[in-house]
2 protein chains.
Amino acid sequence: MAEADRVKKAGPRSTGRPTIRDVSQLAGVSRMTVSRAISDPELVLPATREKVAKAIAALGYVPDRTAGSLSSRKTGFIALMLPTLTNANFAAVAHGLTEALRDANFHLLIAYTEYDMVEEERQLRNLLARRPEAIVMTGATHSPAASKLLLAADVPIIEIADLPSRPIGHVIGFSNHEVGRTAARYLIDKGHTRIGAIGGTVEGEVRDHRGEERMRGFEDELRLAGLSADAVLRYGEAPLSYDHGAAAIARLLKKSPDCQAVFAVSDLSAVGAMMQCQRMGVSIPDQLSLIGFGDFEIGRIVDPPLTTIHVDFNELGRRTGATLLALLGEDGDARPGRVDVGLSVVERESVSKA
Amino acid sequence: MAEADRVKKAGPRSTGRPTIRDVSQLAGVSRMTVSRAISDPELVLPATREKVAKAIAALGYVPDRTAGSLSSRKTGFIALMLPTLTNANFAAVAHGLTEALRDANFHLLIAYTEYDMVEEERQLRNLLARRPEAIVMTGATHSPAASKLLLAADVPIIEIADLPSRPIGHVIGFSNHEVGRTAARYLIDKGHTRIGAIGGTVEGEVRDHRGEERMRGFEDELRLAGLSADAVLRYGEAPLSYDHGAAAIARLLKKSPDCQAVFAVSDLSAVGAMMQCQRMGVSIPDQLSLIGFGDFEIGRIVDPPLTTIHVDFNELGRRTGATLLALLGEDGDARPGRVDVGLSVVERESVSKA
DNA sequence: AACAATTATGGGACCGATATCATCGAAAAG
DNA sequence: CTTTTCGATGATATCGGTCCCATAATTGTT
């Protein structure tokens with residue numbers, strides 16, 4: 001019988017909370033049996049399992065995963081790096097991921113970069129100290145040091161919401177460049193020729209790389225169509241919101257009063273711009289067409305409803321979760337995958353008909 | 001000199017990543033010195049510190065907090081239980097908290113109940129296994145088992161966004177009952193007598209206890225004023241959003257066509273209701289006054305701007321963070337505190353003037 | 001100068017689980 | 001009836017840090 005376990009008392013550094021040893025002593029079995037009864041019940045006789053369950057309930061025992069993690073070298077953590085949580089789409093990703101990982105008993109460790117690469121690196125280091133079993137990064141632009149840390153981490157890495165040409169690991173995303181191009185094409189197809197855009201990357205310092213990518217795609221498509229990109233305005237800093245859009249559109253229209261159509265890199269800016277137009281007596285879509293990005297709920301609510309480019313962030317979160325589960329499950333398919341969840345134009349009424 | 005540390009090789013169960021032992025051997029000091037150089041540099045001579053720093057950089061060493069947590073019995077985790085992340089106010093709380101805890105090197109462990117008490121209990125158990133140093137619960141209505149778990153956890157507990165009469169630990173919140181009463185009083189003051197409300201708790205099964213509390217406060221105030229609470233409609237289930245408000249207001253106006261003013265337990269429902277009224281040709285505020293709760297950004301955007309009840313969730317998150325830091329810092333003031341962050345009416349234009 | 005106090009560092013046990021291998025009894029195979 | 005196989009359980013080392021106490025070196029005290 002488990003003699004060694006029966007006599008051992010809690011050491012001086014113990015927390016006082018019941019441990020697996022207390023359970024084993026009360027149940028009259030070894031610690032290993034308790035461990036198995038919890039994490040792999042089929043290996044234990046039903047009668048034994050019952051005894052253990054009783055002891056657990058009697059003591060109010062809650063296993064310590066910190067200890068378990070150290071021993072098994074599996075922490076059950078997934079690191080998720082987001083620009084911010086106060087953005088419905090990123091929140092949706094986090095939500096979808098949590099959902100997908102819930103039953104596998106993984107926990108998400110979320111960190112926010114606030115669109116700052118230095119902060120990203122700092123946060124990454126903190127995250128790494130928790131020994132996550134996989135890392136999910138939003139975007140694909142990292143500092144050299146951060147890239148090095150990621151490579152050295154030796155765990156699956158998934159870059160999401162982007163489609164980098166030189167990815168570090170797996171990719172589940174969409175092309176932000178294509179978003180911009182699609183927006184431009186859409187406005188061009190509607191017959192506009194004086195076309196502008198508002199986004200948040202001030203000259204010289206890029207914070208929101210994905211937003212900047214959308215701006216570039218937009219510009220590229222304009223040029224391809226032989227149109228001027230003069231009315232593409234970069235103003236303010238991420239995170240972009242209503243106020244940004246309002247200020248940006250005011251500037252833009254002052255600079256380029258003949259502008260017929262505008263792409264906003266975020267629906268939030270787009271809506272802010274819309275409000276500002278109302279205040280300035282600029283009618284949408286009659287005097288100015290507006291297309292956004294992100295398909296935020298608010299775009300359905302405003303009047304006129306906002307035409308926008310939709311990406312299924314929920315799907316993105318779910319796909320990421322499923323990939324993670326596959327990666328961390330059985331064998332761990334090592335081949336880095338690349339998934340493009342695509343995008344689509346949601347036609348509503350903020351763009352004038354061709 | 002550290003002879004024992006110099007010879008020891010990595011064991012068979014090692015991950016292969018550099019450990020503190022590798023650093024100590026390369027730097028020619030003991031493990032403890034490395035540990036101190038990292039977490040308490042003042043205890044180590046600058047020259048030694050330098051040697052350690054070099055070794056750390058050379059190896060790309062990242063400390064393992066799992067091991068550190070086990071040993072020090074300080075995990076650096078704060079558990080945060082939220083109904084959902086896809087709600088700007090809760091996201092703001094999470095954001096504010098993260099912000100406040102960032103420099104103290106704490107990590108937030110977030111779990112979502114989806115407004116389900118059974119799920120809350122399950123999530124709580126999972127959270128507890130991570131040995132958080134404090135637990136932040138949204139709301140104050142828990143299952144008996146959950147309450148027992150919380151009590152037994154033996155760590156500071158903060159209940160937020162509510163003002164329970166029999167709290168488990170610290171409280172930082174506001175009275176949801178008072179929110180309802182304030183809304184009712186406001187509408188009454190504006191001269192309305194046929195007053196209704198829409199909220200999401202179906203008869204018999206309460207999911208959103210805080211929302212239900214707001215409904216009750218609303219009803220209580222109506223009764224106090226000698227008004228009928230017949231037009232208080234419970235419909236649908238949390239989480240409440242636009243569609244809920246739209247459906248609910250349609251029902252309500254069908255049932256009580258003479259209703260003059262309506263309180264929605266959430267701005268999201270209120271905005272949905274507003275849209276539905278537009279579709280039905282009911283003019284706001286001329287034919288129907290509308291007041292919401294939560295002061296979501298969208299309320300500023302819609303037309304007419306939504307009158308609502310504001311609670312500073314940001315402040316709530318910050319206060320919670322500060323309290324946590326104090327609690328986990330020096331001495332750990334044991335007296336459970338109680339903070340009411342209050343509430344205020346944001347007068348906009350969705351309520352007709354008296 | 002002798003002794004106490006302080007500072008810098010090291011040695012070893014320990015935190016609470018699980019990996020791994022050993023053991024033991026019962027059932028299956030020969 | 002022995003030998004092999006298998007299923008259930010146990011003993012022990014180990015994961016990678018930090019706590020606690022010991023020790024050596026330095027500084028301060030009278």
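Fair warning: this is a prediction, and the values are worked out from it, not measured in the lab. Below, each value reflects all heavy atoms present in this structure, side chains not excepted, and no hydrogens, waters or symmetry copies. The chains referred to below are lettered A, B, ... by the order of the sequence lines, with proteins before strands, and numbering in each begins at 1.
- Of all the residues in residues 44-51 of chain B, B:Val44, B:Leu45, B:Thr48 reach under 4.0 Å from DNA chain C with at least one non-hydrogen atom.
- B:Ile78 is not listed as a side-chain neighbour of B:Pro132, based on a closest heavy-atom distance of 4.5 Å or more.
- The pair B:Asp162-B:Arg210 fails the salt-bridge criterion, with no side-chain N (NZ, NE, NH1 or NH2) lying under 4.0 Å from an Asp/Glu carboxylate O.
- When side chains are defined from C-beta on, B:His170 counts as touching B:Leu327, because their heavy atoms get closer than 4.5 Å.
- Protein atom CZ of B:Arg65 is 18 Å distant from nucleotide atom C1' of D:dC15, rounded to whole Å.
- Of the side-chain N and O atoms in B:Ser14, one or more sit less than 4.0 angstrom from OP1 or OP2 of D:dG16.
- A heavy-atom distance below 4.5 Å is found between the side chains of B:Ile172 and B:Thr323.
- Ring geometry for B:Phe313 against B:Phe90 counts as perpendicular: the plane angle is over 60°, on a 0 to 90° scale with 30° as the lower cut.
- Between the side chain of B:His142 and the backbone N or O of B:Ser147 there is no donor-acceptor pair closer than 3.5 Å.
- Among residues at least two apart or in separate chains, side-chain hydrogen bond (donor to acceptor under 3.5 Å, both in side chains) pairs with a member in residues 96-108 of chain A are A:Arg102-B:Glu119, A:His107-B:Arg130.
- For the helix from C:dA1-D:dT30 to C:dG30-D:dC1, the terminal axes (five pairs an end, C1' atoms, rotation from four pairs onto the next four) enclose an angle of 30°, given to 10 degrees.
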Test A:Thr320 against A:Val93 for side-chain contact (heavy atoms from CB on, under 4.5 Å), laying out the working first. CA-CA 9 Å; A:Thr320 304; A:Val93 169; 5.8 Å; no
Listing time: all N or O pairs from protein to nucleotides 21-28 of chain C that are below 3.5 Å?
none

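- Side-chain N/O atoms of B:Thr33 include one lying less than 4.0 angstrom from OP1 or OP2 on C:dG10.
- A donor and an acceptor atom, one from each side chain of A:Thr66 and B:Arg73, are nowhere located under 3.5 Å apart.
- A residue-by-residue look at B:Ala10 and B:Ser69 shows that B:Ala10 has its nearest nucleotide of DNA chain D further toward the 5' end.
- Spacing between atom CG of A:Asp40 and atom P of D:dG7 amounts to 14 Å, rounded to whole angstrom units.
- For A:Glu121, the side chain to side chain donor-acceptor pair (under 3.5 Å) partners at least two apart in sequence or on another chain are A:Ser143.
- The shortest distance between the side-chain N/O atoms of B:Ser71 and the OP1/OP2 oxygens of D:dG16 is not below 4.0 Å.
- Between B:Ser72 and the phosphate of D:dG17, there is no side-chain N or O to OP1/OP2 separation shorter than 4.0 Å.
- Taking 4.5 Å as the limit, every side-chain heavy atom of B:Ser24 sits out of range of all side-chain heavy atoms of B:Met32.
- When each of B:Leu149, B:Leu127, B:Ile168, B:Leu128 is checked for a side-chain contact (heavy atoms from CB on, under 4.5 Å) with B:Ile135, only B:Leu128 meets the rule.
- Mapped onto DNA chain C by nearest heavy atom, B:Leu43 and B:Arg73 fall at different nucleotides, with B:Leu43 at the one closer to the 5' end.
- Here the side chains of B:Tyr61 and B:Val52 are not in contact, with every heavy-atom distance at 4.5 Å or above.
- Using a 4.0 Å heavy-atom cutoff across all strands shown, B:Thr15 reaches sugar-phosphate atoms only and no base atom.
- In this structure the side chain of A:Tyr112 reaches within 4.5 angstrom of the side chain of A:Leu85, judged on heavy atoms.
- Dashed line: the shortest gap from a side-chain N or O of B:Thr19 to OP1 or OP2 of D:dG16 is not under 4.0 Å.
- Contact of B:Arg13 with C:dT20 (side chain to base): no donor-acceptor pair of N or O atoms is detected under 3.5 Å.
- Taking every side-chain heavy atom of A:Ser35 into account, C:dT18 is the closest of D:dG10, C:dT18, D:dC19.
- Between A:Ser69 and A:Arg131 there is no side-chain heavy-atom pair separated by less than 4.5 Å.
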With the criterion being N/O to N/O and under 3.5 Å, what pairs connect the protein with nucleotides 22-25 of chain D, and how long is each?
none

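- For B:Leu70, counting side-chain heavy atoms from C-beta on, the closest listed nucleotide (C:dG10, D:dT12, C:dC15) is C:dC15.
- If you check C:dT18, C:dG12, C:dG10 against the side chain of B:Val29, the one that comes closest is C:dG10.
- The B:Pro12 side chain lies nearest to D:dT14 when the options are D:dT14, D:dG10, D:dG17.
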